[in-house]
Number of protein chains: 2
Amino acid sequence: MMDAKKVTALLRKKGFKVTPQRLAIYNALCNTKAHPNAEMLFNKLQPYYPTMSLATIYKTIDILREIGLIQVINVGEDSLRYDATVELHPHIRCTVCNRVDDIMDFDFSPAIKNVAEKTSYDLSGQQFYFYGVCPECQAKMSKKIS
Amino acid sequence: MMDAKKVTALLRKKGFKVTPQRLAIYNALCNTKAHPNAEMLFNKLQPYYPTMSLATIYKTIDILREIGLIQVINVGEDSLRYDATVELHPHIRCTVCNRVDDIMDFDFSPAIKNVAEKTSYDLSGQQFYFYGVCPECQAKMSKKIS
DNA sequence: AGTTTGTTGATAATAACTATTAATTAAAAA
DNA sequence: TTTTTAATTAATAGTTATTATCAACAAACT
């Protein structure tokens, strides 16, 4: 998460121009916990940038990822989601409503140690995805039953 | 991993017909550790079933998954891979050659406990993916440098 | 064997994403 | 500030994995 000034500086430093659309896309990602995909971002920005196309979303996302401002998450849907928190952390998806939440302050080290012992790979990263029913959907389900 | 007799019985029990294509696809998955995607399966079976189409592969995979004979794995490539080992286990992908290996006998319980404490989700499953350089690629890389 | 019903496989459709390109716009030099 | 230069936008078309359609066909029940 960076403020506009730092983002501007970073884009310039990496040789990319600074455009309102790019800042808006990054800003939109910073201001949500919903892990939007390209289409959700497009819809969110549509009122403010009615001429912006999906291609711009995709290209900007690619740049933001390249310069390390965002990470891509793949929870097994048919589209990718994006997250302005770049620190690696697991995600959990509700199998009922498909919302995706962060799991923060997760300690990867026991798992990594476990894997390092089992393989001869030179480890460089990992992605953990959990699945379950979110509290809201649990509440809805218990209502329906009663 | 089931033998042909059990697979036949299970397919019938679940209301699906037993066809040579279906048995062949399941068999191909049982006899590899390469975690093939649809195209790799298609190419592998092509010599023996030259008229079989990719659509049959996809449809059969869907059935096999539905009746619990295989699992789908999504290592962040543009295609899905399939595994006849249905017991949940992590996978590791080489970031150089893209091979995907199993990590067996991994203990998920510390991670699950960790997550159960942090969220109010009703957990139902998880997928862990690790990334790194496989031993073969490490060897190739050290050769090139020297 | 005949009949029913699900399956195959060729083809077309879909959907997410990427490449192309002309017109626009911003950055950098003067 | 103005000009030059190069990158960006956004419409469009292309690509690719996967899914749907449907007529011909094969499995399974009678």
Next on the checklist: Any base atoms under 4.0 Å from A/T56, or only sugar-phosphate, or nothing? Heavy atoms, all strands.
Outcome noted: base
Next on the checklist: In this structure, how many angstroms lie between the P atom of D/dT8 and the CG atom of A/L23, rounded?
Outcome noted: 13 Å
Item to check | B/I92 reachable from B/V100 in the ILVMFWY side-chain graph, under 4.5 Å edges | outcome: no
Item to check | A/F16 reachable from A/M2 in the ILVMFWY side-chain graph, under 4.5 Å edges | outcome: yes
Next on the checklist: If you only use heavy atoms from C-beta on, which nucleotide in D/dT9, D/dA17, C/dT8 is closest to the side chain of B/D78?
Outcome noted: D/dA17
Next on the checklist: Rounded to whole Å, please give me the gap between CZ in B/R22 and P in C/dG9.
Outcome noted: 11 Å
Checklist entry - Within the structure, does a side-chain N or O atom of A/Q21 lie under 4.0 Å from either OP1 or OP2 of D/dT9? => result yes
Item to check | For A/S109, all residues meeting side-chain hydrogen bond (donor to acceptor under 3.5 Å, both in side chains), sequence neighbours excluded | outcome: A/D107
Kindly list each side-chain donor-acceptor pair under 3.5 angstrom involving residues 6-14 of chain B, sequence neighbours excluded, with atom names and distances?
| from | atom 1 | to | atom 2 | distance (Å) |
| --- | --- | --- | --- | --- |
| B/T8 | OG1 | B/A4 | O | 2.8 |

Checklist entry - Going by distance alone, is a donor N or O of one side chain under 3.5 Å from an acceptor N or O of the other, for B/D102 and B/H35? => result yes
Next on the checklist: Please say yes or no: joined through hydrophobic side-chain contacts below 4.5 Å, possibly via intermediate residues, are A/Y129 and B/V115 part of one cluster?
Outcome noted: no
For nucleotides 27-30 of chain D, list the nitrogen or oxygen atoms of the protein found under 3.5 Å from its nitrogen or oxygen atoms, one pair per line.
| from | atom 1 | to | atom 2 | distance (Å) |
| --- | --- | --- | --- | --- |
| D/dA27 | N3 | B/K17 | NZ | 3.3 |
| D/dA28 | OP1 | B/R12 | NE | 2.6 |
| D/dA28 | OP1 | B/R12 | NH2 | 2.9 |
| D/dA28 | OP1 | B/V18 | N | 3.4 |
| D/dA28 | OP2 | B/R12 | NH2 | 2.9 |

Next on the checklist: Please list, in numerical order, the residues of residues 57-67 of chain B that have a heavy atom closer than 4.0 Å to any atom of DNA chain D.
Outcome noted: B/Y58, B/K59
Checklist outcome for this item: Rounded to whole Å, the CG-C1' distance (B/L11 to C/dT7) equals 12 Å
Checklist entry - More than 12 non-hydrogen atoms from neighbouring residues, nucleotides or ligands closer than 6.0 Å to CG on B/D105, yes or no? => result no
Checklist entry - Can A/D101 and A/R99 be said to form a salt bridge (charged side-chain N to carboxylate O under 4.0 Å, His left out), step by step? => result CA-CA 7 Å; A/D101 284 310; A/R99 67 178 282 176; 2.9 Å; yes
Item to check | Touch class at under 4.0 angstrom, heavy-atom based, for A/E39 against every strand present | outcome: nothing
Checklist entry - Going by number, which of residues 40-55 of chain B have a non-hydrogen atom under 4.0 Å from DNA chain D? => result B/A55
Next on the checklist: Before you tell me yes or no, could you show the steps for B/F128 and B/F108 under ring-ring contact (aromatic ring centres under 6.0 Å, His included), namely the whole-Å CA-CA distance, both residues' side-chain angles and the distance that decides it to 0.1 Å?
Outcome noted: CA-CA 9 Å; B/F128 287 12; B/F108 282 113; 4.9 Å; yes
Next on the checklist: Determine whether A/L88 and A/Q71 satisfy the following criterion, side chain to side chain contact (heavy atoms under 4.5 Å, CB included), listing intermediate values before the conclusion.
Outcome noted: CA-CA 8 Å; A/L88 279 191; A/Q71 67 170 306; 3.8 Å; yes
Checklist entry - Going by the side chain to side chain donor-acceptor pair (under 3.5 Å) test, which pairs reach into residues 44-63 of chain A, not counting sequence neighbours? => result A/D62-A/R65
